[in-house]
2 protein chains.
Amino acid sequence: MKAEQKRRQELIAATIREIGAEGTLNVTVSQIAKRAGVSPGLAFHYFGDKEQLFLATMRSILRTYGALIRANLVGKTEPVERLTAILETNFSPSQFEDGAVAAWLNFYVLAQTSPEAQRLLALYHRRFHSNLVYSLRPLAGDAAHGIAERLGGLVDGLYLRFALNRSHVDPGPAVAQVLKALEVELSALDG
Amino acid sequence: MKAEQKRRQELIAATIREIGAEGTLNVTVSQIAKRAGVSPGLAFHYFGDKEQLFLATMRSILRTYGALIRANLVGKTEPVERLTAILETNFSPSQFEDGAVAAWLNFYVLAQTSPEAQRLLALYHRRFHSNLVYSLRPLAGDAAHGIAERLGGLVDGLYLRFALNRSHVDPGPAVAQVLKALEVELSALDG
DNA sequence: TGATTAATTGACTCGTCAGTCAATGGATTG
DNA sequence: CAATCCATTGACTGACGAGTCAATTAATCA
């Protein structure tokens, strides 16, 4: 049972790399398997079909992202400090490495038709939202919900724009815009 | 030369519908041609290959969107009025009809690797940005640029979230969030 | 009308790919 | 050491799809 876990991880890592290299989910399972150093049959053996392999890959990305958020939140108790950490995590290098961007874009496409992808995406949205609301509430009270929706949307949009703009290398400006939006939202409260 | 234009339009319309029905660009040119009521060969005859057909489709969608913006701006001179019109246009029914959503998502995927798609996307971003800045300047001065970047990102992000959430039917709440963000940005100026 | 050009067809090629499966190799265990 | 079980292979199939092309039909025009 040890080999299985190891192989799964290797295949998932290979999926990210391969999708990243091609930009699309139009990569063959054989390509992925080759990159993982195993035979094509093994990928089917462990994941059943291509879609399941990809969904497992997204779950892995989401798990990593969640762990990163939690890690960056450790020891931070001030609401603004926590909010900043959450927002910044979305633009941390790991979110752009390998094929994370390509995986996300293809995930969006898949989410239109795959209930399982839809479920995963909704889960991610909900977690992100409540993370924000938790820290916004002490600062904004009932306005927390609305602010969180706007910040969440902004993060998604700027991530998208940043990721697709090859002339951008450093996500710094995008993060700055998100933090500025937070500042604006908070300052508008006492208007 | 009349037939050519007509056929091209029909094939483009069929592409939108077919991609919309499948959610993905993984539709065959034959499917598209069938839906347009012509033979597969004709699609290749006029567009060369599948990617060109899709790019022509996106250009068409972008052109329609641009025309809609201009139409909705007619007669509006007040900055806030103009901004509202621009922002609302992004969530108008036509942006969700047929396969517009699917086309956009697949366009994002393609933009990772196709220079032509990248160019188109950048063009759209630039136009949208300067549209916003033009009306924001009188209200916000030098802050116009930053505000426009944030509003632009927010529109993209909320569009994405809205489009992928099947439980949403009416884009009203998304529009409301964008307008609220505009309001917040403007109110923060006199802080 | 007959000739020339444009529009359109659909059968065909060649390659590709998801998924299967029977066979092999390697551990483990009793 | 035999028997059993898990891990792994890679050849194979069946289907499909992009793009080509020679042939057909429709329009144009002199």
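When reading the values below, keep in mind they use all heavy atoms of this one structure, side chains included, and skip hydrogens, waters and symmetry mates. Because the structure is a prediction, the values reported are computed rather than measured.
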Tabulate atom names and distances for all N/O pairs under 3.5 angstrom spanning the protein and nucleotides 26-28 of chain D.
none

Residues B/Arg7, B/Glu4: salt bridge by 4.0 Å N-O rule: no

In whole angstroms, how far is the P atom of D/dT25 from the CZ atom of B/Arg7? 17 Å

Each residue besides A/Val29 in its hydrophobic cluster should be listed here, by chain and number; the cluster joins Ile, Leu, Val, Met, Phe, Trp and Tyr at side-chain heavy-atom distances under 4.5 Å. A/Phe44

What pairs with B/Arg119 under side-chain hydrogen bond (donor to acceptor under 3.5 Å, both in side chains), at least two apart in sequence or on another chain? B/Glu116

Atom pair OG1 (A/Thr15) and CG (A/Leu53), whose distance is rounded to the nearest 0.5 Å: 3.5 Å

Stretch residues 19-26 of chain A: residues that reach within less than 4.0 Å of DNA chain C through a heavy atom: none

What residues from residues 33-47 of chain B pass a heavy-atom cutoff of under 4.0 Å to DNA chain C? B/Val38, B/Ser39, B/Gly41, B/Leu42, B/His45, B/Tyr46

Could you pull out the protein-nucleic contacts involving nucleotides 27-29 of chain C (nitrogen or oxygen on both sides, under 3.5 Å)?
none

Counting only heavy atoms not in A/Arg59, do more than 12 fall under 6.0 Å of its CZ? yes

When you measure from the side chain of B/Arg150 to the backbone N and O of A/Leu154, does any donor-acceptor pair fall under 3.5 Å? no

Side chain of B/Glu4 only, please: which of C/dT8, C/dA18, C/dA7 is the nearest? C/dA7

Of C/dA7, C/dC17, D/dA18, the nucleotide closest to the side chain of B/Val29 is D/dA18

